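Beneath this line is the structure, given in structure tokens, with notes to follow.
Remember, predicted model here, so these are calculated numbers, not experimental data.
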Amino acid sequence: MSATTPTLTTSSARPPRTVVRARQTPATAARDVRTMVARETRRQLRSVDGLITAFVLPVMIMLVFVVIFGGAIGGDDYIDYVVPGVLVMCLGFGSATAAVGVAQDMTSGTIDRFKTLPIFGPSALWGHVVASVVRNLASAVVVVAVALALGFRPDAGLGDWLGLVAFAVLAVLTFTWLSVALGLVLSVEASQSVNFLFLFVPYLSSGFVEIDTMPSWLHGFAENQPFTPIIETFRGLLAGSPDATTVLTAIAWLVGFLAVSCATGSFLYRRRTAR
């Protein structure tokens, strides 16, 4: 008679547990995006450097061009010419900080922790984008208020102001998504150089001096680069006389960059979070 050897069941023989994720709906996705926007907003409010970049630096740029350089460049009327250029530069420079925030999330393990939660996947990216739009529109209000205090007198009517706000939202949304896409492929240190794109390239446009005053070999680039029609659209709306061709050209540039940046950023985010 043979003895029966009992079979021991070990934990390694148990079937793996299946993680059941909650079904995402538009309502839950919107809730997750709001949560991420609140998270990013709190992080920005706790960052002294970020607040200085968003609100103090644009004012300093405005003061430098109007108070220090204004008399030498364009006289008393120069403020009416330079405000749109400063406004676009500040919107772009502020949007570039999203690249640093995204790069930090991707390299610090934050996104890996988010992956374990039953949340809308791209909500982290949209949190950066929406918070950036709100912050930079607030910064734009400060810039315009300082310009008014310095003597800026726009001739825009109600329709022009509404168009200006809508165009500013489109510009910031585009600048931010471009920064987000770059932040997904750059390190934290390298992503800090994204602001150079928005801080330098507007100088090679009609933002601060007329293109005719530039060297002739720069005319082609300055006339055909995207910042020139974008700045001219802001200038036309503030003056109450926007040019339809310029507006359509600027919108085409912004929508094109937005579509490419949004698609590229979404693809890169899915690829990196799938690892």
**OP:** Step by step, work out the side chain to side chain contact (heavy atoms under 4.5 Å, CB included) result for Leu91 and Phe234.
**Re:** CA-CA 12 Å; Leu91 291 176; Phe234 273 100; 4.0 Å; yes
Pairwise side-chain contact, [X] with [Y], heavy-atom cut-off 4.5 Å (strictly under):
{"X": "Phe175", "Y": "Val180", "answer": "no"}
{"X": "Ser179", "Y": "Leu197", "answer": "no"}
{"X": "Val146", "Y": "Phe152", "answer": "no"}
{"X": "Met62", "Y": "Val67", "answer": "no"}
{"X": "Ser206", "Y": "Arg235", "answer": "yes"}
{"X": "Leu164", "Y": "Leu238", "answer": "yes"}
{"X": "Phe196", "Y": "Phe93", "answer": "no"}

**OP:** If the plane angle is over 60° it's perpendicular, under 30° parallel, otherwise tilted; pick one for Trp177 and Trp126.
**Re:** perpendicular
What is the distance from atom [atom1] of [X] to atom [atom2] of [Y], rounded to the nearest 0.5 Å?
{"X": "Ser216", "Y": "Ile211", "atom1": "OG", "atom2": "CD1", "value": "13.0 Å"}
{"X": "Arg39", "Y": "His128", "atom1": "CZ", "atom2": "NE2", "value": "5.5 Å"}
{"X": "Met89", "Y": "Leu87", "atom1": "CE", "atom2": "CG", "value": "11.5 Å"}
{"X": "Arg46", "Y": "Thr41", "atom1": "CZ", "atom2": "OG1", "value": "11.0 Å"}
{"X": "Leu186", "Y": "Thr107", "atom1": "CG", "atom2": "OG1", "value": "11.5 Å"}
{"X": "Asp243", "Y": "Thr233", "atom1": "CG", "atom2": "OG1", "value": "8.0 Å"}

**OP:** For the pair Ile79 and Phe65, evaluate side chain to side chain contact (heavy atoms under 4.5 Å, CB included) and give the outcome as yes or no after the intermediate values.
**Re:** CA-CA 8 Å; Ile79 186 172; Phe65 276 98; over 6 Å; no
Is there a path of hydrophobic side-chain contacts, each under 4.5 Å between heavy atoms of I/L/V/M/F/W/Y residues, joining [Y] to [X]?
{"X": "Phe167", "Y": "Trp253", "answer": "no"}
{"X": "Leu158", "Y": "Val165", "answer": "no"}
{"X": "Val37", "Y": "Leu125", "answer": "yes"}
{"X": "Val188", "Y": "Tyr269", "answer": "no"}
{"X": "Val255", "Y": "Val247", "answer": "yes"}

Nearest heavy-atom pair of [X] and [Y]: which atoms, and what distance?
{"X": "His219", "Y": "Met214", "result": "NE2-O, 2.9 Å"}
{"X": "Ser191", "Y": "Val100", "result": "OG-CA, 3.5 Å"}
{"X": "Ser261", "Y": "Ala181", "result": "O-CB, 3.9 Å"}
{"X": "Pro84", "Y": "Asp80", "result": "CD-O, 3.8 Å"}
{"X": "Trp161", "Y": "Pro154", "result": "CZ2-CG, 3.7 Å"}
{"X": "Ala131", "Y": "Glu40", "result": "CB-CG, 3.6 Å"}

Sidechain-backbone polar pair: [X] side chain, [Y] backbone, donor-acceptor under 3.5 Å:
{"X": "Asn136", "Y": "Ser139", "result": "no"}
{"X": "Gln225", "Y": "Phe227", "result": "yes"}
{"X": "Thr35", "Y": "Arg31", "result": "yes"}
{"X": "Tyr78", "Y": "Phe208", "result": "yes"}
{"X": "Thr264", "Y": "Val260", "result": "yes"}
{"X": "Thr176", "Y": "Leu173", "result": "no"}
{"X": "Thr213", "Y": "Glu210", "result": "yes"}

Original post:
Strictly by modelled atom types, are Thr228 and Glu223 linked by a side-chain donor-acceptor pair under 3.5 Å?
Top reply: no
Original post:
Judged by modelled atom types alone, do Arg135 and Thr97 share a side-chain donor-acceptor pair under 3.5 Å?
Top reply: yes
Original post:
Thinking salt bridges, do Arg113 and Asp105 make one under a 4.0 Å N-O criterion?
Top reply: no
Original post:
Yes or no on side chain to side chain contact (heavy atoms under 4.5 Å, CB included) for Val141 and Phe55, after CA distance, side-chain angles and deciding distance?
Top reply: CA-CA 10 Å; Val141 171; Phe55 295 99; over 6 Å; no
Original post:
Between Arg270 and Ser266, is a side chain to side chain contact (heavy atoms under 4.5 Å, CB included) present by the stated rule, with each step listed?
Top reply: CA-CA 6 Å; Arg270 288 195 302 268; Ser266 299; 3.8 Å; yes
Original post:
Would the number of heavy atoms belonging to other residues, nucleotides or ligands and lying under 6.0 Å from CZ of Phe257 be above 12?
Top reply: no
